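A short write-up of the structure that comes next.
Numbered from 1 within each chain, the chains take letters A, B, ... in sequence-line order. Please read all numbers here as calculations on a predicted model, not as lab measurements. We use all heavy atoms of the structure for the numbers below, so side chains are in, but hydrogens, waters and symmetry mates are not.
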Amino acid sequence: MKQFFAIIEETFREAIAKKTLIGFFIFSTLIIVIAFFVFQSDDVRKAMAEVQNTSHNGNNNADMMAAVVKATVMDIFYAAVSNILYFFIICVGVFATSGLINSQMEKGTIDLLLSKPVPRWLYIFGRYMGGVLIIALEATWFILGMWVVVSTATGMWNYGFLACAFFITLGFAGIYSIVVLTAVLSRSSALSIIIGIGLFFLNGLISLGHAIETMVASSGKSWLTMIANILYYIFPSNSMGSNMGNLLMGKSIEWVPIFVTIGLSGVYLYLATLAFSKKEF
Amino acid sequence: MEYILTTDSLVKRFGGGAKAVPALQGVSISVKAGEIYSLLGPNGAGKTTFIKCMLGIVFPTSGSGYIFGDPLGSINSKKRIGYLPENHRYPLHLTGEQVLRYFGKLSEVDPVLLEARINETLGLVGMNDWRTMKVRKYSKGMMQRLGLAQALINDPDLIILDEPTDGVDPVGRKEIRDVLTHLKERGKTVFLNSHLLSEVEQISDRVAIMRQGQIITEGKVQDLTSQKNYYEVQIASDQFAQAISLLSPSSTEPEHNKMTIVCETPKELDAQLDLLRSNNISIGAVIPKRSSLEDLFIQLIGNSEVQRASVK
Ligand SMILES: Nc1ncnc2c1ncn2[C@@H]1O[C@H](COP(=O)(O)OP(=O)(O)O)[C@@H](O)[C@H]1O
Ligand SMILES: [Mg+2]
């Protein structure tokens, strides 16, 4: 356990030294500050006040209507923001953390690490968890900041938005397991970025196409459906975006993709540790 | 005496098929507790590969070995090993003492003892003044000292060093040798790789000479170097050329009228001297010379290879 924490600590030190942690932090803080000023601007305040006023004109029906409209608008807004953050954090996160694996396999570094009484898998597992933890912190900071800014402006505290940090982290953990596996196999962090983000977008496009298809056409199974169904069980991090939408709009959460993502992350991470254990340096 | 490290017919081939590189071709070595054991050989002989097999960094193609009774590369054995690799690199963003803290934790050094160990090892290698400097700013010599401190952080019983004096100035080399001798005095076992023979000759108890993945000779430094006896013979200058033609010496120093002859037995020396005397050559002096390991090394692996090795 001490070894595990030492690896996590060193992962953080490396991320800090490479300025990825601080870069991420500055950027997200900047967005939060911009959001703050947008929500404090006169136009937005006026619009907000109008909605607020209509809800206090004494007419019960109108009151209720206004509240519903306002809530729906905010839900859609939150769903959009969370999905944008989801894509942004995963893409930037993969860039920021892919090097964490390769730095361990450099000549002169790996010899030292492997001479220590640490099982090989622990290095990969520790680095993976370190990377996920870094992104979890970033996602939490980003989400929390946006939530406070928007909630204080609107006076509506949607706690579901906070849970989006979990979905973003889980989505990242899924993609990162593939990045780590590629990095171990190829010893190239560039290739691991390309594979990780490439597959992430390809998978996103296919599931989007599939979703549109099911909306438009009611008829039988097309090749798109088939591919989407297969990908669903071999590629992690499916349906995280729609799940965040479900959460924010008060619909029930789909648990299957959550468990599939956790399971697949475990499988790819296991394969990565297996490959690493058999590797010669 | 107890052997703490043994290997049996260790074979390592890199790659397969026609292009396979036979880095180790059946290496059997036994290292006793408390000795300084040196593996010598030119570059590319397979010394680093041998160490990597011991630590499980590469896996032997065939053969086996044990360290402290555990198979090569086992976690258990690594708890008692300290290793200084050939080209070692540390996270550049860490300071010297942070490096030691990190590796100390990985080596499961008792947290209560860790800070004391860090102080002790930094003091031993003379790095106390630079402990809070970032590794990024270290010179090659400082890196080597830090590397040595890192190898000692877990108070290991077996210290494995790959070319420890490489790129270190003469003073630093002397200090590293002193550290190794100090470790031996404390009952530690030292296994080291080198192509710098003069370095290890002074401190090693036993040496093995490796060439093309095979051990070609092994033994105590005294035994190996006393296999042949060298004598320096001084002759008057006007008879020097004649003496050379009679004796065929292994080396000559014409400017001092000296030559070196090799005799396997004292009788052979008598015969050689008789030969000179029967030709009326007067002998100025005969001085026995102990052959150095260098001479043996050159004899065994061939002059050209040594030269190539030292050029690299
Ligand atoms: N990872 C590797 N892949 C292929 N060949 C290797 C590898 N490591 C070492 N070799 C080869 O094995 C031989 C022995 O190398 P090495 O053990 O480094 O020698 P030394 O340490 O004695 O200089 C060399 O021919 C080298 O090129
Ligand atoms: Mg070497």
Side-chain angles (χ1 to χ4, degrees), chain A residues 1-23 96-97 99-127 129-131 134 184 187 189 273-281, chain B residues 12 14-15 23 48-49 51-61 70 73-95 98-99 101-111 114 134-136 143 146-147 150-151 153-154 156 158-160 162:
Chain A
M1 220 43 190
K2 257 176 267 155
Q3 294 173 327
F4 177 68
F5 288 126
I7 294 169
I8 297 275
E9 186 189 341
E10 178 44 30
T11 311
F12 268 82
R13 280 187 198 273
E14 189 177 318
I16 290 168
K18 283 184 178 162
K19 313 269 195 298
T20 49
L21 208 61
I22 191 77
T97 55
L100 292 176
I101 300 298
N102 290 79
S103 66
Q104 301 301 286
M105 295 194 287
E106 275 170 24
K107 189 177 158 76
T109 304
I110 187 69
D111 305 73
L112 272 171
L113 293 178
L114 295 185
S115 75
K116 304 300 170 195
V118 178
R120 281 195 181 197
W121 63 265
L122 193 57
Y123 285 118
I124 296 300
F125 181 68
R127 284 262 145 177
M129 291 310 277
I134 287 169
V184 169
R187 287 175 83 164
S189 72
T273 60
L274 207 64
F276 187 67
S277 299
K278 296 214 151 53
K279 230 175 166 65
E280 296 192 319
F281 295 94
Chain B
K12 178 62 192 175
F14 287 108
T48 299
T49 304
I51 287 183
K52 286 185 173 180
C53 282
M54 291 198 283
L55 294 164
I57 298 170
V58 302
F59 309 110
T61 308
D70 288 304
S74 68
I75 299 287
N76 245 351
S77 66
K78 288 183 197 172
K79 284 181 185 158
R80 296 172 65 188
I81 295 177
Y83 171 46
L84 176 64
E86 197 168 15
N87 306 297
H88 43 111
R89 292 187 45 183
Y90 305 92
L92 294 176
H93 51 270
L94 296 184
T95 64
Q98 282 173 335
V99 165
R101 207 165 286 131
Y102 174 46
F103 287 122
K105 285 177 188 169
L106 291 183
S107 301
E108 291 188 310
V109 175
D110 186 340
L114 184 55
K134 287 247 158 76
V135 172
R136 190 189 305 281
M143 278 294 237
L146 178 66
Q150 163 280 130
I153 193 69
N154 57 336
L158 170 63
I159 299 106
I160 298 176
D162 201 347

What part of B/Leu94 lies closer than 4.5 angstrom to a heavy atom of chain A: side chain, backbone, both or neither?
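Only the side chain of B/Leu94 comes within 4.5 Å of chain A.
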
Are A/Leu113 and B/Leu106 side-chain neighbours, meaning at least one heavy-atom pair lies under 4.5 Å?
yes

Using a 4.5 Å cut-off on heavy atoms from C-beta on, say whether the side chain of A/Leu112 contacts that of B/Phe103.
yes

Candidate polar pairs, chain A side and chain B side, donor-acceptor under 3.5 Å:
| from | atom 1 | to | atom 2 | distance (Å) |
| --- | --- | --- | --- | --- |
| A/Gln3 | NE2 | B/Leu106 | O | 2.8 |
| A/Glu9 | OE1 | B/Lys105 | NZ | 3.0 |
| A/Glu10 | OE2 | B/His93 | NE2 | 3.0 |
| A/Glu106 | OE1 | B/Arg89 | NH1 | 3.1 |
| A/Glu106 | OE1 | B/Arg89 | NH2 | 3.3 |
| A/Gly108 | O | B/Arg89 | N | 3.2 |
| A/Leu114 | O | B/Lys78 | NZ | 2.7 |
| A/Lys116 | NZ | B/Gln150 | OE1 | 2.5 |
| A/Arg120 | NH2 | B/Gly56 | O | 2.8 |
| A/Arg120 | NH2 | B/Ile57 | O | 3.4 |
| A/Glu280 | OE1 | B/Lys12 | NZ | 3.0 |
| A/Glu280 | OE2 | B/Lys12 | NZ | 2.7 |
| A/Glu280 | OE2 | B/Phe59 | N | 2.7 |
| A/Phe281 | N | B/Ile57 | O | 3.3 |
| A/Phe281 | O | B/Lys52 | NZ | 3.2 |

